[in-house]
Amino acid sequence: MPRYNPQDIEPRWQKYWDENHTFKTPDKISGEKLYALDMFPYPSGDGLHVGHPEGYTATDIIARQARMAGKSVLHPMGFDAFGLPAEEYAIKTNTPPRVSTERNIENFVRQLKMLGFSYDWQRQISTTDIDYVRWTQWIFTVLFDTWYDNDRQKGRPISALPIPDDVRAEGADAVRQYQDDFRLAYQSEALVNWCPKLRTVLANEEVVDGKSEVGGHPVVRKPLRQWMLRITAYADRLEQDLDGVDWSEGIKKLQRDWIGRSTGAEVDFYIGAADGVDAWKAARAQSGFPRKPADDVLRVYTTRPDTLYGATYMVIAPEHAAVGRLTTADQKEAVTTYVDAAAAKSDRDRQDDKSKKTGVFTGSYAINPVNEKPVPVWIADYVLATYGTGAIMAVPAHDTRDFEFAKTFGIDIVPVVSPPATADVDVQKLAAGEVCFAGVGTAINSGSYDGMATDEFKTAISKLLTQDGVGRAAVNYKLRDWLFSRQRFWGEPFPILHELDQEKYKEGVVEFTGAVRAVDMKSLPVNLPQIEDYTAKPDGDSGQYQPPLDLADKQWLFPEIDGVTYKRETNTMPQWAGSCWYYLRFIDPKNDTVFIDPELERQWMPVDLYIGGAEHAVLHLLYARFWHKVLFDRAHLQSQEPFQRLVNQGMILGDVEFTGYQNAAGNWVSSKDVKRDQDRRPVDTVGEPLELVKVDAGDVEKSGESWVLSSDKSIRIDSRAYKMSKSRGNVVNPDDIVKDFGADSLRLYEMFMGPLEQAKPWSMKGVSGVRNFLDRVWRLIVDDQNDQSLTLNAAVGDFTPTEEQTRTLHQTIKAVTLDIEKLSFNTAIARMMEFVNFFTKEKQRPQSVMESFVLLLSPFAPHIAEELWRLMGHAQSLALEPWPEYDEALTVESTIEIPVQVLGKIKARINVVPGTAKDELKKLALADEKIAELLVGKKIIKTVVVPDRLVNFVAK
RNA sequence: ACUCGGGUACGCAAACAGGCAAAGCGACUUGUUUUAGAAACAAGUGUUUGCGGGUUCGACUCCCGCCCUGAGUACCA
C-alpha cells in the first residue's frame with residue numbers, strides 16, 4: 001500500500017478507538033481538568049452541514065492535545081432533538097416524531113464518528129431521552145417553587161415568601177394567588193400573533209402585512225394564557241457576572257445590550273375627577289408611592305425626570321388598560337378604529353413604518369404633578385405596551401420620537417434643557433420648537449430648578465417626587481420575561497396540573513378552580529401521550545386554540561390524585577429548555593437519583609471551553625445562565641457561571657460566486673449601473689427590469705478594485721460568497737468531502753481556512769491543498785515505492801539529528817503548542833507545513849524527530865497520525881502519548897540578520913549573534929561600509945537600538 | 001439609523017503591547033520524470049497593507065476623518 005489512502009486508514013482507526021474506549025472520560029480527575037464542549041446540534045434530516053465540523057474540530061484538537069498533555073478531559077456530544085421540523089415531518093407523513101428523530105440521530109452519530117472526533121460516546125444524550133426529559137421537568141418544578149428575594153438578591157423557596165397580614169386574612173386562595181405572583185415560573189396573558197382561521201399562534205416572522213404568511217389569513221395580536229419565566233428578576237446578576245467570564249467583549253456587549261438596563265423614575269399623573277387633584281396630592285403625601293397604581297393615575301417611566309416641566313402630552317400604548325377609561329364619548333369611534341388597526345399589525349409591521357408617527361387623542365387630560373398643568377393623553381403605537389409601564393410622558397423638545405409626533409399633530413413644544421455651548425444645536429430653533437435636543441445641559445422653564453445641571457436635577461426631582469409620594473427612582477430592562485410555552489406536540493410536557501371543579505367535572509364539564517400544582521418528583525417524567533393522527537387539529541370551543549396535547553386520551557389528560565381530578569397542562573416547553581442544562585448532564589449522564597451528582601459537578605464545572613455559532617450568542621447563553629443561577633441559588637449547584645471561556649466560530653460560506661445582470665434583450669449591464677426598485681428587484685438606470693445571471697469564474701478578470709467580464713471589460717460583475725443554502729445550491733456535504741479527500745483532510749482544511757472566529761468562504765481547491773500536504777507527510781515517512789507492504793521511507797532512520805534539524809523541530813513544537821493554546825489553528829498548520837517542506841529536502845530524517853512531529857500532527861489529523869505512529873513501531877494508540885516538549889534554548893538561531901536604518905529607511909543588514917548588547921550593535925552598525933558612507937559629513941542626532949531587532953540612525 | 005467586526009498579491013491568509021511586510025496554502029510560469037488522464041519533484045512569478053490626514057527616529061499596527069463590506073439590533077421613553 002504505497003499511497004496515502006484515507007478510505008482505508010480512517011474507518012480502521014475509528015473502529016479501534018470505539019472498541020478500545022480510547023476516549024473514555026476518567027472516573028476520577030487526576031491533575032488538571034478540561035471540559036471542552038460543543039454546542040450540540042439539532043439532528044435535522046439533512047444531516048451534518050460543513051459548518052458543524054468547524055467548531056467540533058476546534059474543540060477536538062484542544063481535547064486531544066490536553067489528553068496528551070496529561071489533563072483529565074471531558075469531551076461529550078449529544079443532541080438537541082425537540083423542535084419544529086420533526087413535528088412538521090410528523091404532520092406530513094404521520095410518522096411519530098420520536099421515530100424520525102431517532103433515525104436522524106443515528107445518521108448524525110455515523111457522520112460524527114466518520115470525522116474521528118474524540119467524544120466519549122458513552123455519555124451521548126438527547127434532550128428527548130425520557131430520562132433527560134424527567135430532569136428538565138424537575139428543573140421546571142424548581143423554577144415553579146422559587147421566588148426572587150430582592151433584598152437578598154437570591155432565589156428562594158416559595159414557602160419562604162413573607163405573606164402580608166392583609167393577604168393572609170383573606171384566606172388560602174388569596175395566599176396562593178399572592179405566591180403565584182412571585183414564582184419564577186408563572187402564567188400570564190401574553191400578547192401573541194393569533195390567526196383565528198388557522199387556529200394557531202404564529203411567530204413574528206410568519207406574519208406579513210397583518211396576514212399569515214401561509215394562506216394569507218388575517219392575524220390579530222391577542223392575549224393568550226402562557227407560561228412565563230421571570231428572567232427579569234435575574235437581569236442585574238446576568239449583567240454583572242459577565243465581568244468574570246472569558247468571553248469576547250463583543251459577545252458581552254451583545255448580552256448587555258439585550259438586557260438593556262436603564263435607570264430613571266416612575267411618575268404618577270393624576271387622571272381622576274378634575275376637582276380631586278388637591279385631595280389626591282394630600283393623600284399621596286401621606287401614603288407615599290403605592291406599589292401598584294390605582295385607577296385614578298397614569299403611571300409612566302422616564303429616564304429623564306429632569307424634563308418633567310417640558311411634558312406637554314402623554315402617550316399610552318394601544319393595549320394599555322386605561323384606554324377604555326380615558327376615552328371620551330366624542331373620541332370613542334376614532335380610538336376604537338385606531339386600536340383595532342394597531343392590533344392587526346405585527347411587531348415587524350410597526351417597525352417598518354416607524355418613521356411615520358400615528359396616534360389618536362383620547363379626549364382626556366392628565367395632571368402633571370410638578371406644575372399641575374393638564375396635558376392631553378394620546379394613544380400611539382410608538383409606545384410599547386411591554387416596556388416600562390406602557391405609558392410615557394412626552395417631552396417633544398428633548399426626545400426625537402416625541403418631537404416627530406408633536407410636529408405631526410401640532411402639539412406644544414416647550415424646551416426645558418439649555419444645551420451646553422459645545423453642543424451642535426441651533427439654540428434659536430430649539431427655543432422656537434423647530435428642532436429637538438436629546439442631550440444633557442442646564443434646566444430652563446423649570447420653575448425653581450432653572451439653572452440646575454441635568455444630573456443634579458435628576459437627583460433633586462427624584463427626591464422630591466418620592467417625598468410627595470408621586471414618583472420614585474426606577475430601573476427598567478429591555479429584557480422581557482421569557483415566554484416559555486408553545487402550543488406544539490414535540491416538546492417537554494409541563495409537569496403542571498390544573499385543579500378542576502370536582503362537582504362540574506362529574507357532570508362532564510371541565511372548569512378550572514385556578515389552583516395549580518406541580519407534579520411530584522416521584523411521578524416524573526410526564527411522558528408525551530400517544531397520538532394517533534398528527535394531522536388532526538384539536539377543535540377549540542369558542543375559537544380558542546388548543547394545543548395538540550389536548551388530543552390525548554382522557555387517562556393522560558385528567559389524572560386523579562388523592563380523589564381530586566386535574567387537567568394536565570397541554571402546552572409544551574420551547575426547544576430552548578433542553579439546551580439550558582445539557583452541559584450539566586454530560587458530567588453525570590446516567591444518574592437516576594439526582595440530575596447531577598454534586599461532587600462530580602464540583603470537579604468538572606465550569607465548562608472550560610465552549611465553542612459554537614454566534615446565532616446563540618444571546619438567547620441560549622442567557623437562558624442557560626439564568627437556569628444555572630436559579631439552581632445555584634437553590635443549592636443544587638456550586639458554580640455561579642456555566643461557561644468560563646466562550647468562542648464563537650465564524651460561518652462557513654459557499655464558494656465565491658460571480659453575478660452579472662442582463663436586460664430583456666440579453667445585453668449585459670454593468671453592475672455599477674444597476675439600481676433597485678421598491679421591491680428590491682434589480683433594474684437599470686431607466687427602470688427596466690434586469691435578470692441576474694451567474695457568471696463562470698473563468699469568464700471574469702480583476703480590473704482595479706472590481707471584477708469585470710473578460711469579453712467586455714466595461715461590464716462590472718458582482719462577486720460575493722453567500723451563506724450555504726439549499727435554494728442557492730451551494731451546500732457542501734461532509735460525506736462527499738470525506739469520500740473524496742478523507743476526514744483528516746476535511747478537519748485540516750476547516751482549521752486552515754482562516755481564523756476560527758471569522759466568516760470564510762469554502763473553496764474546493766483549498767481542500768485539495770491540505771490533502772496535498774497530508775500526501776507529503778505520508779511520503780516523508782512512508783516508502784511509497786513499495787507496493788507490497790507498508791514500510792518506512794529509506795530516509796527515515798536512527799540518525800542523530802543535526803543542529804538545524806533539532807532547531808526546526810523545537811521551533812515547530814513551540815509554535816504549534818502556543819498556537820493551539822491561542823486557538824490559532826491555521827498558523828499551527830502552516831508551521832507544520834514548513835516543517836514538512838524542510839524535512840522533505842533532508843536525506844537523513846531521524847525517526848525520533850519524525851515521531852515528535854507525528855504527535856504534533858495527531859490532534860489535527862488523528863487517523864494518519866495513528867497509522868504513521870504504528871508504522872514507526874508502536875503497538876498502542878498515540879492518543880495518550882506525552883505531548884512533545886520544546887527547549888527554548890534549542891529554538892534560537894546561532895546568528896540573526898538585523899536591519900540598519902538611516903532616518904527610518906533600511907540601508908543595510910548586519911549579521912549578529914542573538915542577544916548582542918546595544919553598544920556592540922551600534923558599533924557593528926557603524927562599522928558597516930554602506931552605513932559609514934551614508935553618514936559621512938552628517939551629524940548623528942539620535943541612535944535607536946532595539947536588541948535583536950534593528951539599529952536606526954537619525955542623522956542630518 | 002445604531003452597535004460590533006473586517007478591508008494586506010489573482011483568491012484564502014500571516015505579522016499588530018509600533019521595529020526586516022507578505023510565513024503557509026491555492027493560482028500562475030518554466031523545467032524534470034512517469035503518463036491514457038493525472039500525479040510527483042524542482043526552480044520561479046507577484047506588492048507597498050481601502051482612501052486622506054496626524055503622532056513618531058520609525059506606522060499594516062496608535063489617533064482623527066472618509067469610503068466599501070459583513071453581522072447583529074431596531075421607536076425600550
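Computed from a predicted structure; not experimentally measured. Just so you know, these numbers use all the heavy atoms, side chains as well, and skip hydrogens, waters and symmetry mates. Chain identifiers are assigned alphabetically (A, B, ...) following the order of the sequence lines, protein sequences preceding nucleic acid strands; residue numbering begins at 1 within each chain.
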Under 4.0 Å: is that the gap between some side-chain N or O of [X] and OP1 or OP2 of [N]?
{"X": "A:Arg779", "N": "B:C41", "result": "yes"}
{"X": "A:Gln758", "N": "B:A13", "result": "yes"}
{"X": "A:Arg776", "N": "B:C41", "result": "yes"}
{"X": "A:Asn772", "N": "B:A40", "result": "yes"}
{"X": "A:Tyr387", "N": "B:A77", "result": "yes"}

For [X] and [N], what is the distance between atoms [atom1] and [atom2] respectively, to the nearest whole Å?
{"X": "A:Glu757", "N": "B:A71", "atom1": "CD", "atom2": "P", "result": "17 Å"}
{"X": "A:Glu249", "N": "B:U3", "atom1": "CD", "atom2": "C1'", "result": "14 Å"}
{"X": "A:Leu921", "N": "B:G19", "atom1": "CG", "atom2": "C1'", "result": "13 Å"}
{"X": "A:Trp778", "N": "B:C41", "atom1": "CH2", "atom2": "P", "result": "16 Å"}
{"X": "A:Glu834", "N": "B:G24", "atom1": "CD", "atom2": "C1'", "result": "6 Å"}
{"X": "A:Phe773", "N": "B:G24", "atom1": "CZ", "atom2": "P", "result": "13 Å"}
{"X": "A:Gln255", "N": "B:U73", "atom1": "CD", "atom2": "P", "result": "13 Å"}

Of the options [options], whose atoms approach the side-chain atoms of [X] most closely?
{"X": "A:Tyr301", "options": "B:A14, B:C25, B:A77", "value": "B:A77"}
{"X": "A:Lys253", "options": "B:C75, B:A77, B:C4", "value": "B:C4"}
{"X": "A:Lys942", "options": "B:A40, B:C57, B:A14", "value": "B:C57"}
{"X": "A:Met833", "options": "B:C25, B:A13, B:G19", "value": "B:C25"}
{"X": "A:Asp257", "options": "B:U3, B:C75, B:A14", "value": "B:U3"}
{"X": "A:Trp258", "options": "B:A42, B:G19, B:U73", "value": "B:U73"}
{"X": "A:Asn952", "options": "B:C41, B:G58, B:G24", "value": "B:G58"}
{"X": "A:Asn837", "options": "B:C25, B:C75, B:C57", "value": "B:C25"}

* Using Watson-Crick pairs (N1 to N3, plus N6-O4 or O6-N4) and G-U wobble pairs, both distances under 3.5 Å, which stems of at least 3 pairs involve RNA chain B? -> B:1-7 with B:67-73, B:10-12 with B:24-26, B:27-32 with B:40-45, B:50-54 with B:62-66
* Asked: Are any of the side-chain nitrogens in A:Lys253 or A:Asp257 under 4.0 Å away from the carboxylate oxygens of its partner?
  ->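 Salt bridge present between A:Lys253 and A:Asp257.
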* To do: Using a strict 4.0 Å threshold on nitrogen-to-oxygen distance, state whether A:Glu834 and A:Arg831 make a salt bridge.
  => yes
* Does any donor atom in the side chain of A:Asn476 or A:Ser262 lie under 3.5 Å from an acceptor atom in the other side chain? ->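 There is no such pair (donor and acceptor under 3.5 Å, judged by atom type) between the side chains of A:Asn476 and A:Ser262.
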* **Contact residues, residues 759-771 of chain A to RNA chain B [heavy atom, < 4.0 Å]** =>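 A:Lys765, A:Gly769, in order of number.
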* In Å, rounded to the nearest 0.5 Å, how long is the span from CG of A:Leu857 to CG of A:Leu748? ->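 Separation between the atoms: 7.0 Å.
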Only pairs under 3.5 Å count here: list side-chain donor-acceptor contacts from residues 308-317 of chain A, not counting sequence neighbours, and write none if there are none.
unit_1: A:Thr312; atom_1: OG1; unit_2: A:Asp412; atom_2: O; d: 2.8
unit_1: A:Tyr313; atom_1: OH; unit_2: A:Tyr382; atom_2: OH; d: 3.2
unit_1: A:Tyr313; atom_1: OH; unit_2: A:Asp402; atom_2: O; d: 3.0

* Asked: Toward the 5' end of RNA chain B, which comes first, A:Asn826 or A:Ile392, by nearest nucleotide?
  ->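 This one resolves to A:Asn826.
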